Amino acid sequence: MRITDLLKKEAIELGVSVSSKEEAIDKLVGLMDKAGNITDKEEYKQGILQREEMGTTAIGAGIAIPHSKNKAVIQAGLASMTVPDGVDYDSMDGAPSNLFFMIAAPAEGSDVHLEVLSRLSTILMDDQFRADLLSAKSKEEYLSIIDKKEQEKFPEETKAEPEVATENQEPVQKKGYRILAVTACPTGIAHTFMAAEALEQKGKEMGYPLKAETNGSGGAKNVLTKEEIENCDGIIVAADKQVEMARFEGKPVLQVKVADGIHKPEELIQKIVDGKVPIYHHVGAGAETGTDTGEKESVGRTLYKQLMNGVSHMLPFVIGGGILIAIAFLIDTYDPANPSNFGMGTPMAAFFKTVGGEAFGFMLPILSGFIAMSIADRPGLAVGFVGGALAKSGMTLTAVSGVTPGFLGALFAGFVAGYLVLGIRKVADKVLPQSLEGIKPMLIYPVVGILLIGVIMAIFNPIIAVINTGMTSFLNSMSGTSAILLGAIAAGMMSIDMGGPFNKAAYVFGTASIEIAAQDPNLAGIGSATMAAVMVGGMVPPLAIAIASLLFKNKFMKKERSSWLVNIIMGLSFISESAIPYAASDPLRVIPSCIVGSAVAGALSMAFGCASPAPHGGLWVVGVIHNPLQFILALVIGSVVAGVLLGLLRRPVKEI
């Protein structure tokens with residue numbers, strides 16, 4: 001194992017001034033941590049000190065090589081510094097030490113520290129080599145001197161993977177994947193896979209092998225291996241929800257929106273290749289929100305990712321439960337004399353209603369639990385889940401239930417629980433001894449966190465319930481022109497960014513409206529009507545693309561026209577994202593056309609009295625939609641309006 005493979009520029013400091021052995025150790029431990037080789041500075045330092053107690057590691061001639069095989073080490077590495085004035089390090093020859101190499105070796109595995117120690121001891125015996133190191137003016141020169149000496153001393157070795165190519169030289173190909181990526185969107189349906197495909201294709205074009213892991217609705221696929229992570233140059237995390245980040249400790253990591261993975265793959269890859277990406281340091285919960293990446297996310301972006309983490313985990317419960325409840329209404333017979341029993345009138349309907357209701361009932365706890373987990377990692381999950389359950393039950397200080405904070409209460413509980421647990425962790429770290437570290441996650445965080453979130457929700461549930469009731473009353477009071485306007489706005493938002501923040505905001509509003517109407521057996525309630533408008537609006541963009549490409553063939557390339565059937569299927573399935581490539585290539589024509597068409601469809605859906613108790617499924621759940629024929633008519637009219645408008649706006653193209 002070569003010295004230059006283990007020694008990063010981040011772990012080198014030249015011309016240091018230290019006054020004691022302990023200060024020298026602290027400085028080297030800090031460099032080791034900066035390079036991302038260790039997870040716990042104090043634990044690693046204790047290992048170094050224990051080794052020094054066995055006998056000094058200052059071997060004479062100004063050289064000191066402190067080392068430790070330690071469980072705080074996550075990857076073998078070196079840290080080095082020069083101390084021109086020297087420092088007393090209890091050297092065997094009594095002379096000050098001025099050239100330091102600190103070795104970190106993982107507790108598990110081979111004795112890499114012994115191998116490195118042997119190699120260092122060999123090459124450092126050269127007086128001129130030591131003098132050259134001490135006179136180095138830059139880190140690059142320092143590494144170059146070591147590299148040259150290793151090639152001279154160990155000529156049988158060849159460095160297969162140089163870190164930097166010369167100015168006019170192509171980068172030497174690394175074995176395996178030079179660049180890795182992780183892609184994830186809140187729904188895990190389309191953006192996730194489109195970003196992965198764009199990155200892999202662009203990497204292939206640029207000559208840099210790239211593997212992309214997809215965190216889709218069916219779980220993680222094409223998962224990055226430990227070996228691939230260790231050997232790569234850097235990782236691109238293109239995600240709008242939280243992904244597992246601890247595995248990237250000490251590697252260059254670029255965190256961006258999933259949309260950037262689709263639209264800016266070349267720019268992202270080039271940043272990795274050019275070494276313009278900061279080293280990632282995992283620091284517990286904060287690490288998954290962009291901490292220490294060198295590119296701080298805005299508050300809004302951070303809150304959005306935390307919200308979407310809750311939404312992405314909530315959707316399977318909402319969709320699965322909502323569709324089963326809708327089937328119960330579909331197969332039951334409405335009894336005007338007993339409207340509250342609708343959906344439970346027959347054994348089969350009661351079965352679907354009960355199963356769907358149980359699944360749907362997890363909506364609020366799951367939403368708040370995973371928002372909290374995205375903020376505070378695993379300790380936040382239980383506290384957030386309980387907070388969401390208390391929002392669902394409506395507990396107050398004077399009664400077990402009675403108010404309805406609903407969806408807003410769950411959002412409040414999730415964010416409060418997450419940041420509450422972070423606060424508890426900070427306090428516990430300051431006031432509790434290190435010996436209690438092991439019981440914090442299993443005892444202190446859940447007990448104190450659940451108690452405090454209980455008190456907080458009992459106090460705030462009535463306040464949030466007033467806001468929630470006001471929103472419910474506002475929705476239920478809407479009729480005529482106001483309802484049509486609401487449908488147009490909600491549906492139009494679905495086409496602004498087709499899967500981005502505006503799209504997701506409209507969809508979350510739709511699902512929240514369903515939650516408000518969940519206890520209302522009338523399928524035409526305003527909550528379900530809002531969901532119908534949102535769904536029809538999201539179906540329009542792909543259908544509009546298909547219609548425009550069929551009616552205006554001279555304005556689309558052959559490759560674009562050939563995707564008309566795919567766009568129809570995606571549109572009917574309520575998957576807007578298939579229109580993204582067209583929107584990206586011609587945003588000034590595609591996006592306005594789709595917004596207009598979606599708004600028309602949403603307005604018509606409201607005007608026709610359509611309502612959907614199912615929060616997803618598109619045309620495939622039309623059987624459970626109230627006024628299904630009118631819903632289809634609204635979809636057709638909106639799609640044709642958007643398609644024709646797009647066809648008229650686009651210019652004729654010529655095949656290349």
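All values below come from the heavy atoms of this structure, side chains included, with hydrogens, waters and symmetry mates left out. Just so we're clear, the structure is a prediction, and the values are computed from it rather than from any experiment. In what follows, residues are counted from 1 in the order of the sequence shown.
No donor-acceptor pair under 3.5 Å is formed between the side chain of Arg378 and the backbone N or O of Ala382. Judged by distance alone, with hydrogens and angles left aside, the side-chain atoms of Ser368 form no donor-acceptor pair with the main-chain N or O of Gly414 at under 3.5 Å. In this structure a side-chain-to-backbone donor-acceptor pair under 3.5 Å is missing from Gln201 to Glu197. With hydrogens and angles ignored, the 3.5 Å screen pairs no side-chain donor or acceptor of Lys69 with any backbone N or O of Pro106. At least one donor-acceptor pair under 3.5 Å links the side chain of Asn309 to the backbone N or O of Phe370. In terms of modelled atom types and a separation under 3.5 Å, the side chain of Ser135 and the main chain of Ala131 share a donor-acceptor contact. Under a 3.5 Å cut-off, the side chain of Glu244 and the backbone N or O of Ala246 do form a donor-acceptor pair. A donor-acceptor distance shorter than 3.5 angstrom exists from the side chain of Arg130 to the backbone of Leu124, with no hydrogens or angles considered. Side-chain N or O atoms of Lys211 include one that pairs as donor or acceptor with a backbone N or O of Val223 at under 3.5 Å. Not a single donor-acceptor pair under 3.5 Å links the side chain of Lys251 to the backbone N or O of Ile235.
Listed by first and then second residue, the salt bridge (Lys or Arg N to Asp or Glu O under 4.0 Å) pairs that reach into residues 21-30 are Glu13-Lys27, Lys21-Glu52, Lys21-Asp90, Glu22-Lys45, Asp26-Lys45, sequence neighbours excluded. Each salt bridge (Lys or Arg N to Asp or Glu O under 4.0 Å) pair with one or both residues in residues 74-86, not counting sequence neighbours, would appear here, but there are none.
When all heavy atoms of Val16 and Pro84 are compared, the closest pair comes out as O-CD, 3.5 Å. Between Asn70 and Gly47 the shortest heavy-atom distance is ND2-CA, 3.6 Å. Taking every heavy atom of both residues into account, Leu199 and Ile269 meet most closely at O-CD1, 3.7 Å. The shortest non-hydrogen separation linking Met32 to Ile103 is CE-C, 4.1 Å. Of all non-hydrogen atoms in Val73 and Ala104, the two that sit nearest each other are CG2-CB, 3.8 Å. Annotation for Leu452 and Leu420: closest pair CB-CD2, 3.7 Å, computed over non-hydrogen atoms.
In this structure, the side chains of Leu134 and Asn98 come closer than 4.5 Å at one or more pairs of heavy atoms. With a 4.5 Å cut-off on side-chain heavy atoms, Leu432 and Ile444 count as touching. The closest side-chain heavy-atom distance from Met102 to Pro66 is below 4.5 Å. Here the side chains of Arg178 and Cys232 are not in contact, with every heavy-atom distance at 4.5 Å or above. Tyr44 places none of its side-chain heavy atoms less than 4.5 Å from the side chain of Thr39. Contact check for Leu303 versus Phe415: side-chain heavy atoms found under the 4.5 Å cut-off. Counting heavy atoms from C-beta on, the side chains of Pro96 and Asp88 never come closer than 4.5 Å. Put simply, the side chain of Thr82 does not reach to within 4.5 Å of the side chain of Phe100, judged on heavy atoms.
To the nearest 0.5 Å, atom NZ of residue Lys149 and atom CD1 of residue Ile146 are 12.0 Å apart. We find the CD-CD1 distance between Gln50 and Ile48 to be 10.0 Å, quoted to the nearest 0.5 Å. Interatomic distance, Ile145 CD1 to Gln128 CD, rounded to the nearest 0.5 Å: 9.5 Å. A distance of 12.0 Å separates CG in Leu381 from CD1 in Ile371, rounded to the nearest 0.5 Å. Between the OG1 atom in Thr225 and the CG atom in Leu180 there is a gap of 8.0 Å [rounded to 0.5 Å]. Atom CG of Asn231 is separated from atom NZ of Lys226 by 11.5 Å, given to the nearest 0.5 angstrom.
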(request) Apply the test side-chain contact (heavy atoms from CB on, under 4.5 Å) to residues Leu451 and Val447: give CA-CA distance (whole Å), side-chain angles for both, the deciding distance (0.1 Å), then the verdict. (result) CA-CA 6 Å; Leu451 173 62; Val447 172; 5.6 Å; no

(message) Could you go through Ile63 and Tyr89, starting from their C-alpha distance and side-chain angles, then the distance that decides it, and tell me whether this counts as side-chain contact (heavy atoms from CB on, under 4.5 Å)?
(response) CA-CA 9 Å; Ile63 305 164; Tyr89 203 85; over 6 Å; no

(request) I would like to know whether Val237 and Leu254 meet side-chain contact (heavy atoms from CB on, under 4.5 Å); could you show each step before the answer? (result) CA-CA 6 Å; Val237 178; Leu254 179 61; over 6 Å; no

(message) side-chain hydrogen bond (donor to acceptor under 3.5 Å, both in side chains), that's the test. Do Gln306 and Tyr419 meet it? Break it down for me.
(response) CA-CA 11 Å; Gln306 292 163 352; Tyr419 289 105; 3.2 Å; yes

(request) Could you walk me through whether Glu213 and Lys221 pass the salt bridge (charged side-chain N to carboxylate O under 4.0 Å, His left out) test, one step at a time? (result) CA-CA 6 Å; Glu213 172 185 306; Lys221 304 293 183 184; over 6 Å; no

(request) Please assess Ser80 against Leu7 for the test side-chain contact (heavy atoms from CB on, under 4.5 Å), listing each intermediate value before the final yes or no. (result) CA-CA 8 Å; Ser80 183; Leu7 185 57; 4.2 Å; yes

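Ion pairing between Asp274 and Lys271 fails under the 4.0 Å rule for side-chain N and carboxylate O. Under a 4.0 Å N-O distance rule, the pair Glu43/Lys71 qualifies as a salt bridge. Between Lys148 and Asp132 there is no salt bridge, since no side-chain nitrogen of the basic residue lies less than 4.0 Å from a carboxylate oxygen of the acidic one. One finds no salt bridge joining Arg247 and Glu228 here, because no Lys/Arg side-chain nitrogen approaches an Asp/Glu carboxylate oxygen to under 4.0 Å.
By the salt bridge (charged side-chain N to carboxylate O under 4.0 Å, His left out) test, Asp260 pairs with Lys264, sequence neighbours left out. Phe385 is linked by a ring-ring contact (aromatic ring centres under 6.0 Å, His included) to nothing, counting only residues two or more places apart in sequence or in another chain. In this structure Val386 satisfies the side chain to side chain contact (heavy atoms under 4.5 Å, CB included) test together with Leu390, Ile450, Ile453, sequence neighbours excluded. Ala212 pairs by the side chain to side chain contact (heavy atoms under 4.5 Å, CB included) definition with Ala181, Ala196, Glu200, Leu210, not counting sequence neighbours.
The 12-atom threshold is not exceeded at CD of Glu266, counting heavy atoms of other residues, nucleotides or ligands nearer than 6.0 Å.
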